[in-house]
Amino acid sequence: MTAIDDAPGADVLRTAMVRELRKDAITSENVASAFAAVPRHRFAPGADLELAYAIRSTVPVKKDEHGLETSVMSAAHLQAVMLEQAGVEPGMNVLEIGSNGYNAALIQELVGGRGQVTTVDIDADVVKQARTCLDDAGYGQVRTVIADAEGGVPDGAPYDRIIVTVAAWDIPPAWINGLTEKGRLIVPLTVCGTTRAIALDRDGDGLVSSSYCLSRFVPMQGEGVARERSVMLRDGVAVQSDDPRTSLNAEALNDALNSPRLVRWSGEAYDLPDELELYLTINLPNRARLHASQDVVGQEVVEASALLGVPALVSKDSIAYRTRRENADTGGFESGVIAHGPQAEELAEQYVDLLQRWARDYRRRGAATFRYLPGPAPTPPPEAAVLRRHGIVTVTWA
Ligand SMILES: C[S@@+](CC[C@H](N)C(=O)[O-])C[C@H]1O[C@@H](n2cnc3c(N)ncnc32)[C@H](O)[C@@H]1O
């Protein structure tokens, strides 16, 4: 399957890429061999060799009319992590959702001559380029399909692995039904603005996670497009929510920001920030996320914690969000809350209580478990559940 490498220097860069990936992404020899075998630059026509082999860089493929990327070749680091999560074995039948060709070629290396790889993309131009690159690099046996993957690719199912390489907002029935009994779905699932690549195995009628990691992908198009709301409070400040139970009143929340800030400290260390963010996102009632631009942070309207987006608790006219300060007593940083508006006291108290509960009951208990339960949510739905069109997501800590 290995193609002849014709670009001077590409083999050296590829060897260096594999060496780098072995540091914290690749853990198995078969994945290392696949990365060593597939000429990545052949799937990045027109890109610099250096860019094609930079492990944390994506390579642009297509943009929409507003200049937003709708298709990229994913960063090698993320591809390696997700392939390790997937545990692809020789002879497997694998569906990749979102095409470029390179990842499909890696998977073809992993399944070998007895295995089958199908890659599907909604965009005919992307599939055309992937097809050309796959053929050119010697991976003619990979099947390419043009379709909205919301409906899966039933022709070819059931799959031992479905690897989704686009940010999904939900898990459509076709993905679950398209898996074998012992099948595994790897999906970058977005919950309130943050995407995590989650490996999910069957668990009764639903799915349960075996691993997850933070990730970034272009958003899903077509039927499965994210149903998120976002309101601008003022230039450089926005609040988003994906929870239908959260009401976002832009005018009232903007007024709240004009009122004096209330600051409350938790007395607990601010550490494991990604896990804390997940805990807050899942457990805050009226879940939302506050975003602020550098300008606004510079004017001291909103704290720097909102630069990348921060879990927020909102009511009809008040808002609270997480902050931190240096504190030698807690070690490093201490977590706290900033709140504005008529209900600032109440919201800050609720938020601090969650920060303290996290520190007391969950922080050191290891990774979380995601579950996906297809079908209508129970009534009333559990407060901490993430409600989606086709089912609900729950997250628990042991
Ligand atoms: C990050 S790129 C894929 C990267 C690729 N797997 C690689 O090897 O690097 C995501 C792709 O998902 C595609 N996509 C978006 N929505 C889709 C949908 N509903 N069905 C199928 N493909 C979709 C986009 O057109 C885009 O090409």
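For this chain, numbers begin at 1 and follow the sequence in order. When a ligand or atom number is given, it counts from 1 through the structure's own listing order.
- Put simply, no part of G224 is less than 4.0 Å from ligand 1, judged by heavy atoms.
- At a 4.0 Å heavy-atom cut-off, ligand 1 does not touch K62 at all.
- Proximity of Q79 to ligand 1 is established by a heavy-atom distance of less than 4.0 Å.
- Under 4.0 Å is where a charged nitrogen must lie from a carboxylate oxygen, and between D123 and K62 at least one such pair does.
- The pair E303-R322 does not count as a salt bridge, with every side-chain nitrogen at least 4.0 angstrom from each carboxylate oxygen.
- The shortest contact between atom 20 (N) of ligand 1 and any protein heavy atom is with A149 N, 2.9 Å.
- With Y270 as the aromatic partner, R324 does not meet the cation-pi criteria of under 6.0 angstrom to the ring centre and within 45 degrees of the ring axis.
- Every N/O-N/O distance between G222 and ligand 1 stays at or above 3.5 Å.
- The shortest N or O to N or O distance between A104 and ligand 1 is not under 3.5 Å.
- No option in R229, R389, R388 other than R388 meets the salt bridge (charged side-chain N to carboxylate O under 4.0 Å, His left out) test with D242.
- Between E96 and ligand 1, at least one N/O pair is under 3.5 Å apart.
- For R22 and E29, the salt-bridge test passes: some basic side-chain N is under 4.0 Å from an acidic carboxylate O.
- Neither V142 nor Y159 shares a network with the other; the hydrophobic side chains, linked directly or stepwise wherever heavy atoms of I, L, V, M, F, W or Y lie under 4.5 Å apart, form separate groups for each.
- Close N/O approach between S71 and ligand 1 is found [any backbone or side-chain N/O within under 3.5 Å].
- Residue D123 places no N or O, backbone or side chain, under 3.5 Å from any N or O of ligand 1.
- At a heavy-atom cutoff of 4.0 Å, ligand 1 is contacted by both the backbone and the side chain of T165.
- Closest protein heavy atom to atom 5 (C) of ligand 1: N100 CB, 3.5 Å.
- Residue contacts with ligand 1, taken as heavy atom pairs separated by less than 4.0 Å, do not involve T58 at all.
- Between I122 and ligand 1, at least one N/O pair is under 3.5 Å apart.
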side-chain contact (heavy atoms from CB on, under 4.5 Å) between F370 and V208, worked out: CA-CA 6 Å; F370 288 76; V208 63; over 6 Å; no
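- Between I163 and L95 there is no side-chain heavy-atom pair separated by less than 4.5 Å.
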